[in-house]
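Worksheet for the structure shown next.
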Number of protein chains: 2
Amino acid sequence: MNKITTIKDIAIALGISTSTVSRILNGKNTSNSKLAEQVLATARELNYQVNTAAKGLRTNKTGMIGIIVPEIGDDFFGSVLSGMEEIADANKYNLLLCQSNESHDKEIELVNSLIACNVEGIVISVSKETQSLDFLNPFLALGKKVVVFDRTLTHPEIPAVIFNDWEGTTMAAEHLIETGHKSFLYVGLDKNLQNNKDRLSGYNQVLSQSNLPLCEEVYLDQWNFTSTDFKEIWNNKYDAIVCFNDVIAARILSIAHEIDLKIPEQASVVGFDNRLYSQYTFPKLTTVEHSTRGMGKHVINLLTSLLNDTEIIPVEMSTELVLRDTTIKR
Amino acid sequence: MNKITTIKDIAIALGISTSTVSRILNGKNTSNSKLAEQVLATARELNYQVNTAAKGLRTNKTGMIGIIVPEIGDDFFGSVLSGMEEIADANKYNLLLCQSNESHDKEIELVNSLIACNVEGIVISVSKETQSLDFLNPFLALGKKVVVFDRTLTHPEIPAVIFNDWEGTTMAAEHLIETGHKSFLYVGLDKNLQNNKDRLSGYNQVLSQSNLPLCEEVYLDQWNFTSTDFKEIWNNKYDAIVCFNDVIAARILSIAHEIDLKIPEQASVVGFDNRLYSQYTFPKLTTVEHSTRGMGKHVINLLTSLLNDTEIIPVEMSTELVLRDTTIKR
DNA sequence: TTGTAAGCGTTATCAG
DNA sequence: CTGATAACGCTTACAA
């Protein structure tokens, strides 16, 4: 079993000191390019890899970022994570991945564990239980940085990255009203999420400008509501069903087949997210698209610029209405 | 800005040595429970968190596992990752997440970066380009452990975790034959993937036992094939279309609406994976389910037992046929 | 049981 | 430019 190569091995091989090796490896010896070449060559030869733990111990820079999301398996977070990894990798940061399983206690535990790992920063999307970001104060007090995204709460020292949800639903509302829709049912997930408020208010704002009644609101468990539940809610009262996200919209389409509710003939349906499967529903789902990978990229950009006082590279986080087959002119 | 608490701070606060603190924190001082209590209390009070980098430097145990997948945003890997995180967390391991973007060069780079982070083990699902696991030999030579999953290649020292894909498609084939299907089209993604061979051979084995012609095979890019492409392939020749996965099956259902191919009346369709959206297609997709989270759990179980010489806790990785509406009796 | 001291791999300081 | 030395936070012989 080989031992791992250290700078000491390189130093011995060339008969020089570890400090010189370290300097050259870090590009801090300007002249003496001949020696530099030798060191680099030997390093390559021995497949030297810096020990980031030792380096971090000395410099207090570990190049690690902690990620806390409620559920990794959720395809929304998966897509955001993918964008995060891309930018982190480009900036030589590593991601330590954790899931809170929607538990606030678990979040607190994870933050401590990330402190233990000496991460430089944390990006987090909070659990449903979480009421405040104050539990991150001990972490901030260490001079570390936090960015909160998607599921956010306000905190004086923590920047938040969210979609402009309001803009997205405004576009959807305008389209629906132009095509003659008059009575809106809004199907949400959790009344208190900031996202929910933004999406709902986008619809309501346009409705009120057009002198139409505001959305009636109903909140359902996205995985478990039944067709009977929905039939009663629907009750032939609405010509537009606007949903918090595509999961809910897809379930409604599925239920519509069961209760013989014709979409889009009897009611139009609009989702939110433009998830992969929204093009596989029948009819194909009209929805609001925003760039989830773009969000992930932006979050890590923001954090790394916080960590290094560098400029933020703008990332497109556009929103647009994707018209498919669940909406129709009335 | 607070400094982080170290064992030194605790030692000073109580007027004892750091070694004593260390021992107590690691549960190595059996008696003198009074002192132990004091240490623990002070640690809690100062919100002490062990510095895992320093600990790892000394003990060569970092508690970190590197994960390399081709694409984090893929919902299959997302789900596997979620299972991994659960077990890793339960065993006090942290996960370092990387994506190869299907590039073998990137994989090599990532392994080096994981060596730099001093991970104890790596779990990897290889890129499409990867032809051999030999690039992991330097890592293995360091006495570290590797487990390969889902997209696997054989290597004398690396255990592989895969689904029993053969079993799954065997069940599907039996069902289709019992319900009177006679001519099979297999739609795959990449002829060389081991998964692909297993799934295909599950179908073919049952067909040959039943004296029916084997599947005709066609391989398509899961995101980009067109309805014209498919119409030509289909050409009214098959009564069963069996697919490598649900993504392909969902696209075929979507295309079927366009080219006026009636599913399941003209042909039955079977997917593989039971992904979330397979219940949102129309008609709802018949598919083979296997536990992706279960796979993730099993992989980390296996790796941690390799690392600690502990026993492997069995995890259910069952396969079953989920009958929905894309198959019919002929 | 306790403290002293050395060392894990690296980098920063300082003297030459 | 280079090398000796100390230090980062922690664990572990070894000695007391």
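Chain A is the first sequence line, chain B the second, and so forth, proteins listed ahead of strands; every chain is numbered from 1. All heavy atoms count here, side chains included; hydrogens, waters and symmetry mates do not.
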B:His298 ring center near B:Phe149 ring center (under 6.0 Å):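 Between B:His298 and B:Phe149, the centre distance exceeds or equals 6.0 Å.
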Residue B:Thr20, side-chain atoms from C-beta onward, closest of D:dC10, C:dG3, C:dG9: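 Side chain of B:Thr20 sits closest to C:dG3.
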For [N] and [X] - does any side-chain N or O of the residue sit under 4.0 Å from the phosphate oxygens OP1/OP2?
X       : N      : value
A:Ser17 : D:dG3  : yes
B:Lys28 : D:dT11 : no
B:Asn26 : D:dT11 : yes
B:Lys3  : D:dG9  : yes
B:Ser22 : D:dT11 : yes
A:Lys61 : C:dT10 : no
B:Lys55 : D:dT11 : yes

Given DNA chain C, 5'-ward residue of the pair B:Ala54 and B:Ser19, judged by closest heavy atom: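 So the residue in question is B:Ser19.
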B:Arg293 versus B:Ser82, side-chain donor and acceptor atoms under 3.5 Å: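 Yes, a side-chain donor-acceptor pair sits under 3.5 Å.
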Donor-acceptor pair (no angle test) under 3.5 Å: B:Arg58 side chain, C:dG9 base: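 No pair found.
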NZ/NE/NH1/NH2 to OD/OE distance under 4.0 Å, A:Glu120 and A:Lys144: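 Not counted as a salt bridge, because no side-chain N and carboxylate O are separated by less than 4.0 Å.
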Sidechain N-carboxylate O distance under 4.0 Å for A:Glu102, A:Arg151: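 Looking at A:Glu102 and A:Arg151, the cut-off is met.
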Sugar-phosphate only, base, or nothing, as touched by B:Asn60 at under 4.0 Å among non-hydrogen atoms: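 No contact.
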